[in-house]
Engineer: 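One structure, as structure tokens, below. Some questions next.
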Amino acid sequence: MTDERFFPSSGPLRLTDIASHVAAELSDLRAGEMMVHGVGSLDTAKSGELSQFSDARYRSAFAKSHASVVVTSRELSGLVPFKGPLLVVALPRVAYARICDLFFPPALLLEGTHSTAQIDVTALLGEGCQIDAGVVVGPEARIGSRCHLSSNVVIGAGVVLGDDCDIGANSAIGHALIGSHVRIASNVSIGGSGFGFTPGPHGPVRMPHLGRVIIEDNVEIGGNCAIDRGADGDTVLGAGSVLDNLIQIAHNVRLGRNCVIAGQAGIAGSTVLGDYVMVGGQAAINDHLTIGTGARVAGKSGVMRDVGAGETVGGYPAVPVRQWHRQTIGLMRLAARRINGHT
Amino acid sequence: MTDERFFPSSGPLRLTDIASHVAAELSDLRAGEMMVHGVGSLDTAKSGELSQFSDARYRSAFAKSHASVVVTSRELSGLVPFKGPLLVVALPRVAYARICDLFFPPALLLEGTHSTAQIDVTALLGEGCQIDAGVVVGPEARIGSRCHLSSNVVIGAGVVLGDDCDIGANSAIGHALIGSHVRIASNVSIGGSGFGFTPGPHGPVRMPHLGRVIIEDNVEIGGNCAIDRGADGDTVLGAGSVLDNLIQIAHNVRLGRNCVIAGQAGIAGSTVLGDYVMVGGQAAINDHLTIGTGARVAGKSGVMRDVGAGETVGGYPAVPVRQWHRQTIGLMRLAARRINGHT
Amino acid sequence: MTDERFFPSSGPLRLTDIASHVAAELSDLRAGEMMVHGVGSLDTAKSGELSQFSDARYRSAFAKSHASVVVTSRELSGLVPFKGPLLVVALPRVAYARICDLFFPPALLLEGTHSTAQIDVTALLGEGCQIDAGVVVGPEARIGSRCHLSSNVVIGAGVVLGDDCDIGANSAIGHALIGSHVRIASNVSIGGSGFGFTPGPHGPVRMPHLGRVIIEDNVEIGGNCAIDRGADGDTVLGAGSVLDNLIQIAHNVRLGRNCVIAGQAGIAGSTVLGDYVMVGGQAAINDHLTIGTGARVAGKSGVMRDVGAGETVGGYPAVPVRQWHRQTIGLMRLAARRINGHT
């Protein structure tokens, strides 16, 4: 049950149309004409709504769900009986996401530039953009087509945005070349001068930061993140990478493709991540390190050495995850021994 | 001694009026006509000013204070002699806070909407609101009475605010239902899409976030926090809860009533806190956990398991606080042994 | 090679002019007429460009660099042969920074106040300021000469800025007295009410915060930081101190001169740092502590006790750095022992 004030629905939708949208096999063809009125989790979906069952741990919720139809996989569908029809797909979570987009398509852009927005005369806007109140676009900036700049966004001189980008309210972007289909949430700072100081005769002297921020296609950045530009060369966020809120990306960091960085993580200067790296919440990665493709960094860990491709590390300082677990158990025994042995 | 540029005083105030405002017992009734000119800590208050003595550790500062009158409790008042009159109350810190509010009442709202603010024609504003320059209020938003929206605040479509709310400059609020007497500081992001991705055939696919943020009465949120909306269902901040700066609240987190969350803490998706939970600075709490009523989480700890009601945990991974202290001592001995035993 | 869209160059510059700008000794006087076209690291500089060699670890990059001229020190210059002329100075990093400023001087201010900026009639602006679109300056504020307030900056009532300050887009500043040559990046919150609550009969009661934020000359503050004002007395950032992004500075914290605080670090209420203290990324320092002059706090550590002048600490809880390293080694052995000894 979604709140119509925030998510106007395009439903009800016919089940057969939903099935064809995600190329699902419908377990009971007689159900094709059923009208589906909305979506919800196994727990919250009501009669007439659609849900997903994508993790065997939720099998009892699946069995008890009031949903009228459930998206699931071949394997999961046989675990417990379900009273209604199923939509069977290879990747139920992905299919569910697409069905939700069908019910709640992103709001159509209100094409036009608000009268209070300030677009420099030398800037270029693509067609079909929505530029909200208080937006500022600097000289020589290039904004692609169908971009949405929310209220009070500030785009600095020379910044390039591709097509279909969505920038959240009160974000500030400078010194950046940004691809297409990039989503940036609110209060994000992009392109600030990196934190590089060297001791001078009268206190710290700021090192020059003459690089840029390069954000490739399909990147998503959460609220209140800070992404600094490079000192010499660029800071790079590879295509498809996703960042949660309040993340620090320092100067000259390079993320590969499809990296996933959870909230409040921080990556220090010049560290390079391969593709598909996953970094847990509040993790820190030291500067000048290399984190291999497919590596995983546990939440809250502190990485002080290179991490090999496919490796999983945790702890502070971070070590291979099994070793970390042994350390944790060792610590618990150490604490227990002090009691039993009175040492 | 406060700076009149920032805190215009309504003083001097008569001591008997102060005493009656907080229902205090005045230790020396002859002092009732004394005029009190301001407030300050035991260290900084000058002659003619009022201070508080609420912690026995500060007894020597109490004895030496230049304050002319001190708010304290019955128990503390007898610890050391004080030269002047006392205001005796049950909760001296609470009474002191109320006296400060008497000297420095919140600025009166300048009722009206600034000419540069953009209020959608379908939005409703209650009476007595102060809407500052550059504010944007979206379609169908409902703003209660006597709210203050500071400069460049952005309120999204459909958002509801109760009465007497104060929203700080450059904050962005969407997909939220907010109660009364809520204070939100500057550069806060509320209602962003949560961080939920599932592996797809071409990289991470964003999971739908069709929920809301529910903020109950009397909640306070510090600067630069990020509070995501729920995926299915809502993110909830219970009545009276207070959040410091730079805090991450992920999708579907639920805080009970009167929780206290210190700076830079992060709570991952779907974790539920009971009432009166206290979370220290930079602490992290994993997703899908339950933290019982009255539990305490030490600063910087990493909680990876449920925490029972009233329990205090610390460390990374967090364990009961006594065990954590033993671990810490064990670690120190381990380090010392390596020296003495040359191992 | 810098991007002219973001960094318009004043080059090419004559080598002899560069040398005199930084009082360097030119190793080959015949090269004085060489025209230098830009700057870059040893790896990225091209023929015709200038680089720096300031760390012996990069000696092979130095030997192989395509740069036409390199700034270095007397000691480093002799390590390996270099094909071209050298600029020899005492502090090559500082000299390189100054040469970069020569090539890429900060943009000249566009003097004037944008028509959409709202400057209270009782506020004063110094001469030569650049006030961008959407800026709000409150009553009785005092802005020095040659300040740049970027778009949508909000300056509260009574705030004082010195000369030559640069405030980034969407930052909000209140209750603050700020010196000269201060740089504040975007989405920064300064002067919010500190996080001080006391248990009251109906939930947490906010303690009064009647102090200010004092920011001395030459301070730099990165993006999305939150600096609270004092409760009683002031929060102080000493002259020349530099803060990275996403840092939390709580009420009544006092930093000495020339402190260096890395990203996502947090300093809790009333803690006092001496001069030249260095705090690593994501480090946390508890409230009411004293950190001596020249102390260093390792990244991600959690400081729970005072730290002496010149001391280096790390770990959680933080201990002297050598002890922390022994703890780390001890932990690793503890984990290894469990495997070998099957315990």
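What you are looking at is a predicted structure, and each value in this text was computed from that prediction instead of being measured. So that the names make sense, note that chain A is the first sequence line, chain B the second, and so on, each numbered from 1.
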Engineer: Got a donor-acceptor contact below 3.5 angstrom from the B:Asp306 side chain to the B:Ile291 backbone?
Structural biologist: no
Engineer: Does a donor on one side chain and an acceptor on the other come within less than 3.5 Å for B:His175 and A:Asp3?
Structural biologist: no
Engineer: Would you say the side chain of B:Ile215 lies within less than 4.5 Å of the side chain of B:Ile227, judging by non-hydrogen atoms?
Structural biologist: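 No, side chains not in contact.
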Engineer: In terms of heavy-atom proximity below 4.5 Å to chain A, should B:Pro139 be classed as side chain, backbone, both, or neither?
Structural biologist: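 Neither part.
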Engineer: What residue in A:Asp132, A:Asn218, A:Ile261 has the most heavy-atom pairs under 4.5 Å with chain B?
Structural biologist: A:Ile261
Engineer: Most heavy-atom pairs under 4.5 angstrom with chain B, which of A:Ser186, A:Gly240, A:Ser54?
Structural biologist: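 Highest number of pairs under 4.5 Å: A:Ser186.
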Engineer: At a heavy-atom separation under 4.5 Å, does B:Thr328 approach chain A through its side chain, its backbone, both, or neither?
Structural biologist: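 Neither part.
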Engineer: I'd like to know if the side chain of B:Asp244 reaches the main chain of B:Gly263, judged simply by a donor and an acceptor atom lying under 3.5 Å from each other, with no hydrogens or angles considered.
Structural biologist: yes
Engineer: Return yes if some donor-acceptor pair links the side-chain N/O of B:Asp120 with the main-chain N/O of B:Thr122 below 3.5 Å, else return no.
Structural biologist: yes
Engineer: If you draw a 6.0 Å radius around NE2 in A:His66, do more than 12 non-hydrogen atoms from other residues or ligands fall strictly inside?
Structural biologist: no
Engineer: With a 4.5 angstrom heavy-atom cut-off, which part of B:Ala265 approaches chain A: side chain, backbone, both or neither?
Structural biologist: backbone
Engineer: Return the option, out of B:Thr116, B:Ile190, B:Leu177, with the maximum number of heavy-atom pairs under 4.5 Å with chain A.
Structural biologist: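 Greatest number of close heavy-atom pairs with chain A: B:Leu177.
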Engineer: Can you check whether A:Val36 reaches A:Phe103 side chain to side chain, under 4.5 Å on heavy atoms?
Structural biologist: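 Side chain of A:Val36 against side chain of A:Phe103, heavy atoms only: contact under 4.5 Å found.
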Engineer: Whether the side chain of B:Tyr316 engages the backbone of A:Ser301 through a donor-acceptor N/O pair (distance < 3.5 Å, no angle test) should be reported.
Structural biologist: yes
Engineer: I'd like to know which of A:Gly315, A:Cys259, A:Ser150, A:Gly168 tops the heavy-atom pair count under 4.5 Å against chain B.
Structural biologist: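 Looking at each option in turn, the highest pair count goes to A:Gly315.
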Engineer: Which distance, rounded to the nearest 0.5 Å, do you find between the CG of A:Leu246 and the CD of A:Gln264?
Structural biologist: 5.5 Å
Engineer: Can you say whether B:Ala176 sits under 4.5 Å from chain A via the side chain, the backbone, both, or neither, judging by heavy atoms?
Structural biologist: backbone
Engineer: Between B:Asn245 and B:Gly223, is there a donor-acceptor pair closer than 3.5 Å when you use the side chain of the first and the backbone of the second?
Structural biologist: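 Yes: the side chain of B:Asn245 pairs with the backbone of B:Gly223.
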Engineer: If I measure from the heavy atoms of chain A, does B:Gln327 come under 4.5 Å with its side chain, its backbone, both, or neither?
Structural biologist: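 Both parts, backbone and side chain.
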Engineer: For B:Leu331, which atoms come within 4.5 Å of any heavy atom of chain A: side chain, backbone, both, or neither?
Structural biologist: both
Engineer: Against chain B, work out which of A:Arg257, A:Met332, A:Glu4 has the most heavy-atom pairs shorter than 4.5 Å and name it.
Structural biologist: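 Result: the option with the highest number of such pairs is A:Met332.
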Engineer: What residue in B:Val205, B:Val136, B:Asn152 has the most heavy-atom pairs under 4.5 Å with chain A?
Structural biologist: B:Asn152
Engineer: Could you tell me which of B:Arg322, B:Met304, B:Glu140, B:Gln282 has the largest number of non-hydrogen atom pairs under 4.5 Å with chain A?
Structural biologist: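 Option with the greatest count: B:Gln282.
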Engineer: Select one option (side chain, backbone, both, neither) describing which atoms of A:Leu243 are under 4.5 Å from chain B's heavy atoms.
Structural biologist: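 The backbone, not the side chain.
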Engineer: Under 4.5 Å from any heavy atom of chain B, what part of A:Ser151 do you find: side chain, backbone, both or neither?
Structural biologist: both
Engineer: Answer with side chain, backbone, both or neither: which region of B:Ala169 has an atom nearer than 4.5 Å to a non-hydrogen atom of chain A?
Structural biologist: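 Neither part.
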Engineer: Is it the backbone or the side chain of A:Asn170 that comes under 4.5 Å from a heavy atom of chain B, or both, or neither?
Structural biologist: side chain
Engineer: For chain A, which candidate among B:Gly302, B:Gly200, B:Gly211, B:Pro204 shows the most heavy-atom pairs at distances under 4.5 Å?
Structural biologist: B:Pro204
Engineer: Given heavy-atom pairs under 4.5 angstrom as the criterion, report whether the side chain, backbone, both or neither of B:Val160 touches chain A.
Structural biologist: side chain
Engineer: Identify which of A:Val242, A:Asp275, A:Ile99 forms the greatest number of heavy-atom pairs closer than 4.5 Å to chain B.
Structural biologist: A:Val242
Engineer: So with a 6.0 Å cut-off around CZ of A:Arg93, is the heavy-atom count from everything else above 12?
Structural biologist: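 More than 12 heavy atoms, drawn from other residues, nucleotides or ligands, come within 6.0 Å of this atom.
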Engineer: Which atoms of B:Ala268 come close to chain A, meaning under 4.5 Å heavy atom to heavy atom: side chain ones, backbone ones, both, or neither?
Structural biologist: neither
Engineer: Give, as side chain, backbone, both or neither, the part of A:Arg183 having an atom under 4.5 angstrom from any heavy atom of chain B.
Structural biologist: side chain
Engineer: B:His251 versus B:Met207: any side-chain heavy-atom pair under 4.5 Å?
Structural biologist: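 Contact flag for B:His251/B:Met207 side chains = no.
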